[in-house]
*Asks:* 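For reference, the structure I am asking about is given below.
Keep in mind that this is a model prediction, so the values were computed, not measured. Letters A, B, ... mirror the listed sequences (proteins, then strands); counts begin at 1.
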Protein chains: 2
Amino acid sequence: MPPKSAEESKRRLVAAAIEVLRTDGIAAMSARAISQRAGVAQGLVFYHFGSVTELIAQACVTATQARVDLHREQFAEAASFADLVALAREVQVAEREAGNVSILGQALAVAQTDAELAVAMRQALDLWREPIVAVSSRLLGAGSPFSGLIDAETFADLLMAAFVGFELTDAVREDGVDDRSFEALEVVAAVLDGLGPVGRRALAATLRRRRTR
Amino acid sequence: MPPKSAEESKRRLVAAAIEVLRTDGIAAMSARAISQRAGVAQGLVFYHFGSVTELIAQACVTATQARVDLHREQFAEAASFADLVALAREVQVAEREAGNVSILGQALAVAQTDAELAVAMRQALDLWREPIVAVSSRLLGAGSPFSGLIDAETFADLLMAAFVGFELTDAVREDGVDDRSFEALEVVAAVLDGLGPVGRRALAATLRRRRTR
DNA sequence: GTCTATAGAGGGATAGAC
DNA sequence: GTCTATCCCTCTATAGAC
């Protein structure tokens, strides 16, 4: 059998790492488990990546990049809070299917006490952050009735944190995906989108009161 | 040396488990590491708890119970959204100090693929959930201008998810605790609390439009 | 570049003395 | 109830053949 190419081996290992993380969890991650699923020798993990941690790090970033690209057009189209919630719901379903958010959550947990993995997780989170900040800027930036209320970057960070936390907490519930959460957010979005001139004036007045206090 | 009591050994093991989880992370959890820090024989982990996982599970629930009790009075006093945000900030600081939210996050990650641990994590989350639902009910329930807008339980679940996600994502950032997030929430809370009659009417009108659509 | 084999450490869990 | 000692397994990482 001719030796496979280096790129092919690395690709298979990265794909296998995601698969193992997805199906068996972070506790089951090992060079043996990953290389076996990849169909390559265990030693290649260290030859190509140096350590298991580094393989996991690269796998998380690579997988996240692919998932973000998948939703890029949808992010570009969202133009209201209702759109944002609908998008969040679609992304939640799609990413739960692919297991990517769960992967991020599990890797994040390890990254709490692993500086090397923390660097990679920051990169992965930044990949999601970029399109989310773009949407948030459209909804909260100049020209919107919420301009100056909340910083788009801060809003995006809160959204992402909630997303990760939702995925982790939801998995330990017995009743599966909690549709009520998204329904509640839909109501909030409808209110925010539907605020007429009167509502906006009241909002502006409240903000003025707060600023001059 | 006289043998210590069973209760004392169990107590020490539980405390040591939390300590190891807090300082070295979930990846370093082992019967050896825990028993060494507890100053007892390694075999006692299995004698008293049956398995390392079960010890971790009980430790998480016990530790969470203690932390929740610590904040109970503050929860009882919160009567506005501003109070809620201020409370969240205090809890965030206190729990970061104690590392309890980080512990929950890491245990939750493992619980994604460990049914036994998932049961314990549901119990731990429910301990936080109870006082949070109580506060949420006061803010969103009958008599409030938001009555019927969002279910208190759903709101509480979202809050908790955001809290866990915030702790996990914040830890991998280079700039530490992001105060801007809480400042942003303070603004939102002030708006919600400060909505006068006009704002509430506008809100009610928006909700009516949505319901009859 | 890929493979097999293995060293060396650490882990879960149990047996049996006290 | 607690301890020490141990079995057996899995893990990371490396060495060396091809």
*Asks:* Grab the CD1-P distance between Ile26(A) and dC11(D) for me, whole Å please.
*Replies:* 14 Å
*Asks:* Of all the choices, dT2(D), dT2(C), dG11(C), which nucleotide is nearest to the side chain of Ser30(B) once you look at every atom?
*Replies:* dG11(C)
*Asks:* Expressed in angstrom and rounded to an integer, what is the separation of Gln36(B) atom CD from dG10(C) atom P?
*Replies:* 11 Å
*Asks:* Taking CD from Gln42(B) and C1' from dA15(C), how many angstroms apart are they, rounded to a whole number?
*Replies:* 13 Å
*Asks:* Using heavy atoms to find the nearest nucleotide of DNA chain D for Arg32(B) and Ser9(B) separately, return the residue whose nucleotide is more 5′.
*Replies:* Ser9(B)
*Asks:* Between dC3(C), dG1(D), dT2(C), which nucleotide has the shortest distance from any of its atoms to the side chain of Val40(A)?
*Replies:*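 The nucleotide sitting nearest to the side chain is dC3(C).
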*Asks:* Tell me: CG of Leu55(A) to P of dT12(D), nearest whole Å?
*Replies:*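 Whole-Å distance recorded here is 10 Å.
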*Asks:* Among dC3(D), dC11(D), dA13(C), which nucleotide has an atom closest to any side-chain atom of Leu44(B)?
*Replies:*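 Minimum distance to the Leu44(B) side chain belongs to dC3(D).
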*Asks:* Ring centroids only, cut at 6.0 angstrom: are Phe81(A) and Phe146(A) within range, meaning strictly under it?
*Replies:*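 Yes, ring centres under 6.0 Å apart.
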*Asks:* Measuring from Ser35(A):OG to Leu44(A):CG, what's the distance to the nearest 0.5 Å?
*Replies:*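 Going from the OG atom of Ser35(A) to the CG atom of Leu44(A) covers 8.0 Å.
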*Asks:* Round to a whole Å and report the spacing from CZ of Arg11(B) to C1' of dT2(D).
*Replies:* 17 Å
*Asks:* For a quick check of understanding: with a heavy-atom distance under 4.0 Å over all strands, which category does Ala41(A) fall into, base, sugar-phosphate or nothing?
*Replies:*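 Base, at least one base atom sits under 4.0 Å.
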*Asks:* Between dT2(D), dA13(C), dT12(D), which nucleotide gets closest to the side-chain atoms of Ala31(A)?
*Replies:*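 Given the options dT2(D), dA13(C), dT12(D), the side chain of Ala31(A) is closest to dT12(D).
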*Asks:* Choose from dA13(C), dG1(C), dT12(D) the nucleotide whose nearest atom is closest to any side-chain atom of Phe46(B).
*Replies:* dA13(C)
*Asks:* Please report the distance, rounded to the nearest Å, between CE in Met29(B) and P in dA13(C).
*Replies:*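 These atoms are roughly 13 Å apart.
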*Asks:* Check the distance between dC3(C)'s P and Glu8(A)'s CD and give it to me in whole angstrom.
*Replies:* 11 Å
*Asks:* Could you please name the option among dT12(D), dG1(C), dG1(D) that lies closest to any side-chain atom of Tyr47(A)?
*Replies:*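 Comparing dT12(D), dG1(C), dG1(D) against the side chain of Tyr47(A), the answer is dG1(C).
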*Asks:* Should the pair Glu7(A)-Arg12(A) be classified as a salt bridge under the 4.0 Å nitrogen-to-oxygen rule?
*Replies:*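 Arg12(A) and Glu7(A): not salt-bridged.
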*Asks:* Using a cut-off of 4.0 Å on non-hydrogen atoms, how would the nucleic acid contact of Val45(B) be classed: base, sugar-phosphate, or nothing?
*Replies:*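 Since no nucleic acid heavy atom lies under 4.0 Å of Val45(B), the category is nothing.
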*Asks:* Over how many whole Å does the gap from Lys10(B) atom NZ to dT2(D) atom C1' extend?
*Replies:* 15 Å
*Asks:* Decide, yes or no, whether a salt bridge links Asp24(A) with Arg37(A) under the criterion of side-chain N to carboxylate O below 4.0 Å.
*Replies:*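 Arg37(A) and Asp24(A): salt-bridged.
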*Asks:* Any salt bridge between Arg129(A) and Glu153(A), counting N to O under 4.0 Å?
*Replies:*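 Here Arg129(A) does not pair with Glu153(A) in a salt bridge, since their nearest N and O are not under 4.0 Å apart.
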